[in-house]
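Order of the sequence lines sets the chain letters (A, B, ...), proteins ahead of strands, with each chain counted from 1. Since this is a predicted model, take the numbers as computed values, not measurements.
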There are 2 protein chains.
Amino acid sequence: MIQHKKISRIIEKRIRDHIYPPLSKIPTQNELAEEFHTSRVTIKKAIDSLIAKGLLVSNRGSGTFVKSNPLINEMNFSGDSYLGLTATMGTEKGRISSEVIKFEIEFPNLRLQKTLLLEKSQPVYHIIRLRKLDNEPFQLEHTFMPIEVIPGITMEVLEHSIYSHIQDTLGLKIGSSFRIVKAVKPDDFDKNYLLCQSDDPVLEVEQVVYLDNGIPFEYSRSRHRYDKGGIVFNNQIER
Amino acid sequence: MIQHKKISRIIEKRIRDHIYPPLSKIPTQNELAEEFHTSRVTIKKAIDSLIAKGLLVSNRGSGTFVKSNPLINEMNFSGDSYLGLTATMGTEKGRISSEVIKFEIEFPNLRLQKTLLLEKSQPVYHIIRLRKLDNEPFQLEHTFMPIEVIPGITMEVLEHSIYSHIQDTLGLKIGSSFRIVKAVKPDDFDKNYLLCQSDDPVLEVEQVVYLDNGIPFEYSRSRHRYDKGGIVFNNQIER
DNA sequence: TAGTGGTCTAGACCACAGG
DNA sequence: CTGTGGTCTAGACCACTAG
């Protein structure tokens, strides 16, 4: 485990346990460097990641402080938002189930060729899955993946987890994702599977996911029932 | 200007100008350190920020590469997403206008007291503004700000820019924001001002904005016409 | 003025990729 | 093996806050 990551987790725990209470000043970087037998730069890195998470705020000259964030509990999503958006629902993964609506192999259209850097002769999986929480559908996901990049997908894999297949079976690492969020009207799929009324809005997340070597391996559109969850995020403002 | 920021801007420009073409390997950190007469740590910081922006990807052992991101042009939002969401529409700020629908002073309700850390006796501005692009309404924003924290707001300020009042007139610095994005049904305000039909979805962004000392100074809900823009973002996956 | 965080350096060691 | 990026150190200087 990387040092600064380990330290940042310890500090995060102290914040969540109120060992460092809201609005209080945490020890100086020098004090923390001494406590963890490390250098100030490493402490700084750990603190920076907690600032990025919205838990701390630093003021040159006066110190580093715990942010009073009443929404802190809505922020447990951090770290596994790549599991679709299920993480925003909390940690109740046991209650989540998946149903495969469609699983076919196709040739990519032009848009998909550009997005996933494919020739038209390189086939892709076209997968539609319905996700349910306590047997209530909340998300319908249309996924496209190139067979060449992610081989060996089967119904079994789909019912379990594509991501563990990619990471554990294929030994690939996921690097980053790029998303566009919109509100849209429900289409026939949404009405059928998400049980949407015609005037129910749908939250659409369009996503391109990259491996850690920069190769795009997934294009997907997830469609969410408007009354089952949103997307939470935290921004640092650039100066 | 901070060194690593300056360097990252130069590198970013080289990427956008295809001096470092898509998928190509950029010079090693050592080479860049030499070119910019700086240390490798500083180069690393610059590269890290471009990785966070989704422009680069690094591989230990082989080098740092330009990501082929077909959506790169949709990513010009970086840096001023705190100007509401107008930045996602491009850089066409000249075509954007604001109309103040409501500007009153109220006492905060319980939720607002908790969110902005206020007593019920500390009044807040309650502002509703309609934003238009080429005279077409696209966003309706409900804003609450404590008078104590952000004094001196007038109609004139509202018609110009709240943020330049905060930063330039009051000399305060904006630190971070916390957002929740949802799809919702239009309410009467939306129908009136955004000219939504009953079955048009609305993209709602709930937001708490903090000063750089960690004090929350704004709670707002922006409501967007579903056909005028979405929200774009980029994620690095944690390992 | 003393203490704090922000930035930077020069050098080191490691893990990993590729020949 | 060599070269790459990932991480870390010890020390330095600066900008800012607060007493």
Side-chain angles (χ1 to χ4, degrees), chain A residues 1-11 20 23-52 55-67 167 171-173 175-176 211-215 236-239, chain B residues 1-11 20 23-52 55-67 167 171-173 175-176 211-215 236-239:
Chain A
M1 165 73 80
I2 297 152
Q3 271 246 62
H4 72 258
K5 207 81 214 160
K6 198 156 89 189
I7 294 171
S8 97
R9 290 202 185 163
I10 294 173
I11 296 177
Y20 300 151
L23 298 180
S24 68
K25 181 175 175 307
I26 72 169
T28 69
Q29 295 182 0
N30 281 318
E31 285 164 355
L32 290 169
E34 199 171 334
E35 175 187 346
F36 290 106
H37 307 289
T38 181
S39 71
R40 225 190 95 202
V41 179
T42 301
I43 295 296
K44 177 65 162 43
K45 252 191 173 169
I47 287 177
D48 276 349
S49 77
L50 295 176
I51 289 174
L55 295 177
L56 289 177
V57 62
S58 281
N59 287 324
R60 175 147 49 180
S62 57
T64 299
F65 300 83
V66 178
K67 228 160 119 175
Q167 294 181 307
L172 301 171
K173 279 178 194 157
S176 62
L211 296 175
D212 73 341
N213 56 12
I215 295 176
Q236 297 306 308
I237 312 296
E238 294 199 20
R239 323 274 173 89
Chain B
M1 166 74 81
I2 298 152
Q3 272 245 64
H4 73 258
K5 207 80 213 161
K6 197 155 89 187
I7 294 171
S8 97
R9 290 202 186 165
I10 294 172
I11 298 176
Y20 299 150
L23 297 179
S24 69
K25 180 173 176 305
I26 72 170
T28 69
Q29 296 182 359
N30 280 320
E31 285 164 354
L32 289 170
E34 199 170 335
E35 174 187 346
F36 290 105
H37 307 289
T38 182
S39 71
R40 224 189 94 201
V41 179
T42 301
I43 295 296
K44 177 66 161 43
K45 252 190 172 170
I47 287 177
D48 277 349
S49 77
L50 295 176
I51 291 174
L55 296 177
L56 291 176
V57 63
S58 281
N59 285 324
R60 175 149 46 185
S62 56
T64 298
F65 299 83
V66 179
K67 227 160 121 176
Q167 294 180 308
L172 301 172
K173 279 179 194 156
S176 62
L211 296 175
D212 73 342
N213 56 13
I215 295 177
Q236 298 306 308
I237 311 298
E238 294 199 22
R239 323 276 172 83

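A:T38 has its side chain within reach of A:Q3: a pair of non-hydrogen atoms, C-beta onward, lies under 4.5 Å apart. In this structure the side chain of A:I11 reaches within 4.5 angstrom of the side chain of A:Y20, judged on heavy atoms. For the pair B:L56/B:I47, a side-chain contact is recorded, criterion being any heavy-atom separation below 4.5 Å from C-beta on. A:T42 has its side chain within reach of A:I7: a pair of non-hydrogen atoms, C-beta onward, lies under 4.5 Å apart.
What separates CG of B:L32 from P of C:dT9 is a distance of 13 Å, to the nearest Å. Nucleotide C:dG3 holds its P atom 14 Å from the CZ atom of A:R40, rounded to whole Å. When the P atom of C:dG3 is taken as reference, atom CG of A:N59 falls 19 Å away, rounded to whole Å. Counting to the nearest Å, the C1' atom of D:dC8 and the NZ atom of A:K6 are 13 Å from each other. What separates NZ of A:K44 from C1' of D:dC14 is a distance of 14 Å, to the nearest Å. For the pair A:H37 NE2 and D:dC8 C1', the computed distance is 16 Å after rounding to whole Å. Rounding to whole angstrom units, CD1 of residue B:I47 and P of D:dT4 are separated by 12 Å. In this structure, CG of A:N30 is placed 13 Å from P of D:dT9, rounded to the nearest angstrom.
Neither OP1 nor OP2 of D:dG3 sits under 4.0 Å from any side-chain N or O of B:T28. Dashed line: the shortest gap from a side-chain N or O of B:H4 to OP1 or OP2 of C:dT7 is not under 4.0 Å. In this model, the phosphate group of D:dT9 is approached by a side-chain N or O of A:T42 to a distance below 4.0 Å at OP1 or OP2. Between B:Q3 and C:dG6, a side-chain N or O to OP1/OP2 separation shorter than 4.0 Å is absent. For the OP1/OP2 pair of D:dC8 and a distance below 4.0 Å, the side-chain nitrogens and oxygens of A:S39 include no atom meeting the criterion. Taking side-chain N and O atoms only, A:K45 has no distance below 4.0 Å to OP1 or OP2 of D:dC8. Distances shorter than 4.0 Å separate none of the side-chain N or O atoms of B:S62 from OP1 or OP2 on C:dA17.
The line from CD1 of B:I43 to CD of B:Q29 is 8.0 Å long, rounded to the nearest 0.5 Å.
Without hydrogens or angle criteria, A:E34 side chain to A:E31 main chain gives no donor-acceptor distance under 3.5 Å.
Atom NZ of A:K6 is surrounded by 12 or fewer heavy atoms from other residues, nucleotides or ligands within 6.0 Å.
With sequence neighbours left out, the side chain to side chain contact (heavy atoms under 4.5 Å, CB included) criterion links A:E35 to A:R14, A:L32.
Listed by first residue number, the stems of DNA chain D with at least three Watson-Crick or G-U pairs below 3.5 Å are C:1-18 with D:1-18.
The nucleotide whose nearest atom lies closest to any side-chain atom of B:S58 is, among D:dG5, C:dG11, C:dG6, D:dG5. Distances were taken from every side-chain heavy atom of A:V41 (C-beta onward) to each of C:dC16, D:dC8, D:dG11; the shortest belongs to D:dG11.
Heavy-atom nearest nucleotides on DNA chain D were determined for A:F36 and for B:I26, and the one closer to the 5' end corresponds to B:I26. Comparing A:G61 and A:I2 along DNA chain D, the residue whose closest nucleotide (by nearest heavy atom) sits nearer the 5' end is A:I2.
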